[in-house]
Protein chains: 2
Amino acid sequence: MASIRDVARLAQVSTATVVRVLNGGATVSPARTERVMKAVAELDYVTNGVAASLSRGSTRLLGLLVSDIANPFTAQVARGLEDEAVRHGYQVLIASSDFDREREAAMLASFARRTVDAVALLSADGATESVSRLVRSGMPTVFVDRRPPNTPAIPLVRTDSLSAAREAVRYLIGLGHTDLGMICGPVSMPTAAQRAAGFREACAEAGLVVRPECLREGFLGTEGGYAAMCEVLDLPRRPTAVFSFNNMLAIGALRAVRERGVRIPADLSLVTFDDMELFPFVDPPLTAIAQPAYEIGAEAGRVLFDLLENGADAERPDVVLSTELRIRESCAPVGGV
Amino acid sequence: MASIRDVARLAQVSTATVVRVLNGGATVSPARTERVMKAVAELDYVTNGVAASLSRGSTRLLGLLVSDIANPFTAQVARGLEDEAVRHGYQVLIASSDFDREREAAMLASFARRTVDAVALLSADGATESVSRLVRSGMPTVFVDRRPPNTPAIPLVRTDSLSAAREAVRYLIGLGHTDLGMICGPVSMPTAAQRAAGFREACAEAGLVVRPECLREGFLGTEGGYAAMCEVLDLPRRPTAVFSFNNMLAIGALRAVRERGVRIPADLSLVTFDDMELFPFVDPPLTAIAQPAYEIGAEAGRVLFDLLENGADAERPDVVLSTELRIRESCAPVGGV
DNA sequence: AGACAGAATGTCACCGGTTACATAATTAGC
DNA sequence: GCTAATTATGTAACCGGTGACATTCTGTCT
């Protein structure tokens, strides 16, 4: 593997000149420029980015910690972040924590060791020591979707979970439902807590009582959604409408519904957070709260580069992107069709 | 940021001893070990992975080039690769080419500059110069899903597109269909060519003629699927069954079908390559060829580590993982229900 | 006590760009 | 034609771990 010194030797110039030709900025005489280019071509020379990173003190790498890159929402966010990164000559190092505290800590430690220039976090499920260590280390950081407790000064890109949830539940109530259920993630996740709060608020303002057994918390993934929905459906008295915390839960819930022969929306109305490309084609088309996942990722990237360019001193208000309730056919008036 | 020399100084040992304590392997007296650990804790020392990479000559990084990480199939592959990487103390650098030749080349160049230890390619749509340069450079490489032309000695992890496609089309023919259509990707993609070949073979062996206008090639993404299906549906004489090249195309096709009020399977039978979690819940549940995406990624990782550990000299036959035709309700006998 | 294997520890060149600084070559100004 | 101001170019220290090699210390055996 040819090094810059080989190029310099062959072109009969100094390494500094090679750098000047390759990285631009400084002026080099046409004659030397050409000699350098020829030597580069001849030797198939490629800058060693590791050496450059070490000496420059920047890796041009963004770390993205997610719970699972295979989750479509997550993957969209990743894509948005990647595109923004590429625009700045950066790349994204993605790590999945798999909802595992230890793996999350290990991945963050790995980001630190690799000295990524900045980190986007879409994973932290709570006040993990590893996250606060990262923050304390001064690493430029942005939270995506949710902010772990006790991390005040770190910017956040999110949607308004609470009011979006409230809006969706109001819609259900407007349809005449008075006995509502929700299948929810672990309340240690801020978004889960917020969506549950939105659910409760909408019920409260309509004077409805939420039966505790109708709000099932602590579920994640399609398996969790399945389990949660089974519990709801097996209740002696079933709610007439269910609000799902996210897309994964909804998919699992669908399985439970199908398995028990429950008809949507005749027997049960269903709304979920997170839209998916296939929801319009599901039987019945699913009403959902759409989040601009790609845009969230891109926005997170913008915040990170802002942090990188302008420092973390300035206050940065949360970036709140808007959601859209996409009404399709999975909800019906109570009793009617 | 504390360096290893700071640690060595504080612990009153040499840098070599610090390395020995931190990286294990060699024996260090308990007294010194403890002094080093204390100094590390005191200084919040974290090994600088960039420096380590430079000196060691290995970044413990795998590059994964995909067309779009937001594609669910791709994301699953990525996850499989990541898990395998993590098991080996590696991480994955993901880049999306977005079906753009230039961006693909730029991303591969970036992998080379960053000196990733190995690369998995799930993107190359043809004989791009950038891919052959990568191969020539001696970079340990594995192709995933498809092998670009003229890259013989590089291992490949795939499923058997041709026979899976043939099986699916045979199933359609077995249902009595004699006028079949296919919406397909660009034939420059080996998988597209293979699936189209499988389609043709199944038709040929049943003595069916494939009308050229029924085999629409060159489409990608949901938009492409929509366009392709529109073309098929607008044909003066519609085929009674359509085979879709992949999941994205199928989603777009679904939109076209819905828009034109075509009923599946009554008016049209549909089978697609690639299964999705929601396909069982689509109206009607979609019959699909499932590929073990996660496993494909994991297997690609295994090949890469094999390459890294044992060199690229040995011949490596393609790793062929099996597919499964999941028959649901999107296909019906011709004329009947 | 002397010799010696083996364990423990230290020294330092090296990986390959980058960049501050020094020096050399031009050009401009009068 | 000579000095000052630019512009072009080279030198070498530096980024921070790593590992080959050298050295020093133990403890064992004669």
Side-chain angles (χ1 to χ4, degrees), chain A residues 1-40 43-61 89 109-117 137, chain B residues 1-40 43-61 89 109-117 137:
Chain A
M1 197 87 306
S3 82
I4 197 168
R5 284 170 244 262
D6 299 323
V7 175
R9 194 174 319 124
L10 184 58
Q12 305 184 63
V13 299
S14 69
T15 59
T17 296
V18 177
V19 171
R20 286 190 269 257
V21 171
L22 261 27
N23 296 358
T27 42
V28 178
S29 73
R32 278 155 197 267
T33 301
E34 191 184 339
R35 271 177 14 227
V36 169
M37 296 309 269
K38 261 184 68 179
V40 165
L43 296 171
D44 263 326
Y45 171 74
V46 179
T47 298
N48 182 321
V50 176
S53 290
L54 177 60
S55 108
R56 191 197 313 130
S58 152
T59 49
R60 309 236 169 116
L61 223 41
S110 203
F111 284 165
R113 262 200 315 276
R114 289 188 187 280
T115 62
V116 299
D117 287 358
S137 78
Chain B
M1 198 88 306
S3 83
I4 198 169
R5 284 171 244 263
D6 299 322
V7 175
R9 195 174 318 124
L10 184 57
Q12 304 184 63
V13 299
S14 70
T15 59
T17 296
V18 178
V19 171
R20 286 189 269 258
V21 170
L22 260 27
N23 294 359
T27 42
V28 178
S29 73
R32 274 154 202 266
T33 301
E34 191 185 341
R35 270 178 13 228
V36 169
M37 296 309 270
K38 259 183 69 181
V40 165
L43 296 171
D44 264 326
Y45 172 74
V46 178
T47 298
N48 182 322
V50 176
S53 290
L54 177 60
S55 144
R56 193 198 309 130
S58 151
T59 50
R60 310 235 166 117
L61 223 42
S110 202
F111 284 165
R113 261 201 313 277
R114 288 187 188 282
T115 63
V116 299
D117 286 358
S137 79

> Minimum heavy-atom separation for B/Arg114 to A/Thr59, with atom names?
Replying inline: NH1-O, 2.8 Å
>> Base contacts versus sugar-phosphate-only contacts with protein, heavy atoms under 4.0 Å: please encode nucleotides 10-18 of chain C as B, S and - from 5' to 3'.
In response: BBB--BBBB
>> Students often get this wrong, so: under 4.0 angstrom with heavy atoms, is B/Val28 touching a base, only sugar-phosphate, or nothing?
In response: sugar-phosphate
> Roughly how many Å is it from CG in B/Leu22 to C1' in D/dG16, rounded to a whole number?
Replying inline: 13 Å
>> Is there a side chain to side chain contact (heavy atoms under 4.5 Å, CB included) between B/Val21 and B/Met37? Walk through the geometry before answering.
In response: CA-CA 8 Å; B/Val21 170; B/Met37 296 309 270; 3.7 Å; yes
> CZ of B/Arg9 versus P of D/dG17: gap in Å, rounded?
Replying inline: 12 Å
> Taking the side chain from B/Arg35 and the backbone from B/Gln12, do they hold a donor-acceptor pair closer than 3.5 Å?
Replying inline: yes
Distances under 3.5 Å only, N/O to N/O: pair up the protein atoms with those of nucleotides 22-25 of chain D.
none

>> When you compare the side chain of B/Ser53 with that of B/Val50, does any pair of heavy atoms fall below 4.5 Å?
In response: no
> So which heavy atom on A/Val36 is nearest to which on A/Val7, and how close?
Replying inline: O-CG1, 4.3 Å
> If you take all heavy atoms of B/Arg60 and B/Asp117, which pair is closest and at what distance?
Replying inline: N-OD2, 3.1 Å
> Among all residues two or more places apart in sequence or in another chain, which pass the side chain to side chain donor-acceptor pair (under 3.5 Å) test with B/Ser14?
Replying inline: B/Thr17
> Do you know the tightest heavy-atom contact between B/Ala8 and B/Thr15?
Replying inline: CB-N, 3.8 Å
